[in-house]
Amino acid sequence: MQEKILITGAGGQLGFVLTLKLQEKFGVDHVIATDLYSKVGFSGHFETLDATDFQKLESIVIKHNITQIYHLAAILSASGEKTPTMTWDLNMKTLINVLEVSRIHEVNKVFFPSSIAVFGANALKDNTAQDQFLLPSTIYGVSKAAGENWANYYHQKYRLDVRSLRYPGVIGHESLPGGGTTDYAVDIFHKAIDNKPFECFLSASTLLPMIYMDDAIRATIELMDAPKENITIRSSYNLAGMSFNPNQLFLRIRNTYPEFKINYKPDFRQQIADTWPNSIDDSKAANDWGWKPKYDLEAMTESMIKNLKLKQ
Ligand code: SER
């Protein structure tokens with residue numbers, strides 16, 4: 001059967017790269033990229049979509065005979081704290097619209113991204129477990145934890161094939177993040193390449209789980225390609241790549257840019273990061289569908305610098 005793919009949030013950090021990957025996998029004509037903003041720069045089908053608008057979403061699903069939806073649109077952790085009620089409204093309304101449209105129009109598969117933000121200050125920080133009790137500290141985390149329950153509910157009640165990953169902070173050279181607590185780990189590379197000093201909004205020792213874009217995209221595709229019977233978790237899978245703190249990343253970049261300078265000026269995002277895990281136990285993903293990250297801190301840094309230099 002020929003799949004027809006819909007992506008929301010295609011202009012975002014992950015959405016942009018995932019759209020290109022899905023175009024490569026399914027063919028440019030079989031992917032409909034959508035975003036709230038029309039300034040998204042790729043070829044192929046694009047439609048402006050506010051995914052809180054059910055009727056518009058439904059009309060696109062009907063018009064293109066959509067068989068899979070990747071719902072990437074969301075307000076992230078740091079931005080979310082500035083407008084909590086709006087963040088809840090947007091993150092929940094768009095997800096429920098996607099689940100409902102998928103149920104009504106018998107969409108085959110749905111992907112919903114969750115996050116390490118679902119864990120809160122109560123969670124064990126090292127190798128945080130899949131079944132850790134969730135008590136998130138941000139409204140973004142609250143919306144993702146609720147979203148995981150909605151996904152699980154739609155699977156139980158309607159057998160909707162919805163699958164999800166708890167992404168760590170995503171680092172890539174293709175696109176810029178916006179409004180997250182882990183964004184520093186992308187911004188730092190842009191400063192280093194431009195020979196400028198970097199002001200870090202997290203303290204030197206803030207250890208967080210991160211993943212390189214290539215691994216994040218591969219994990220998404222591998223999860224969505226896995227046989228249905230292998231998927232034992234219908235809330236969201238823990239996913240790990242690497243863990244490092246700003247000082248470790250800085251020192252790694254200094255191997256290539258010995259003059260590179262950093263100063264630390266923690267802001268409100270420090271309080272968010274302090275409630276998140278240091279590292280993640282992703283053994284469920286490994287056992288169920290064979291997940292294994294390829295990039296560690298060294299390989300990620302090398303690839304980021306090489307690719308950003310090519311764009312200079
Ligand atoms: N990278 C995201 C953020 O910082 C976490 O999901 O908000």
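For ligands, and for the atoms within them, numbers begin at 1 and follow the listed sequence. Reckoned from all heavy atoms, side chains included, excluding hydrogens, waters and symmetry mates.
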[X]: numbered ligand 1 atoms lying under 4.0 Å from its heavy atoms:
X: Leu76; answer: 7 (O)
X: Thr181; answer: 3 (C), 4 (O), 7 (O)
X: Ser115; answer: 5 (C), 6 (O)

At a non-hydrogen distance cut-off of under 4.0 Å, which region of Ser77 contacts ligand 1 (side chain, backbone, both, or neither)? both
Please state which part of Trp276 comes within less than 4.0 Å of ligand 1, counting heavy atoms only: side chain, backbone, both or neither.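 The side chain, only.
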Is a salt bridge present between [X] and [Y], judged by a nitrogen-to-oxygen distance below 4.0 Å?
X: Lys191; Y: Asp194; value: no
X: Lys25; Y: Asp225; value: yes
X: Arg159; Y: Asp161; value: no

Applying a strict 4.0 Å limit to heavy atoms, is Ile116 in contact with ligand 1? no
Which residues pass the ring-ring contact (aromatic ring centres under 6.0 Å, His included) test with Phe198, not counting sequence neighbours? none
Check: Thr34/Glu47 side-chain N/O donor and acceptor closer than 3.5 Å: no
Short side-chain donor-acceptor distance under 3.5 Å, Asn238 and Arg166: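 Checked: Arg166/Asn238 side chains pair up, N/O donor to acceptor below 3.5 Å.
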Report yes if some heavy atom in the side chain of His105 is under 4.5 Å from a heavy atom in the side chain of Glu58; otherwise report no. yes
Looking only at distances, can you tell me whether any N or O atom of Asp183, backbone or side chain, sits closer than 3.5 Å to an N or O atom of ligand 1?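 N/O-N/O distance under 3.5 Å: no.
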Geometry only, no angles: is Tyr167 polar-contacting ligand 1 at N/O separations under 3.5 Å?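 Among all N and O atoms of Tyr167, none is under 3.5 Å from an N or O of ligand 1.
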What protein heavy atom lies closest to atom 2 (C) of ligand 1? Include the residue and the distance to one decimal. Thr182 OG1, 4.0 Å
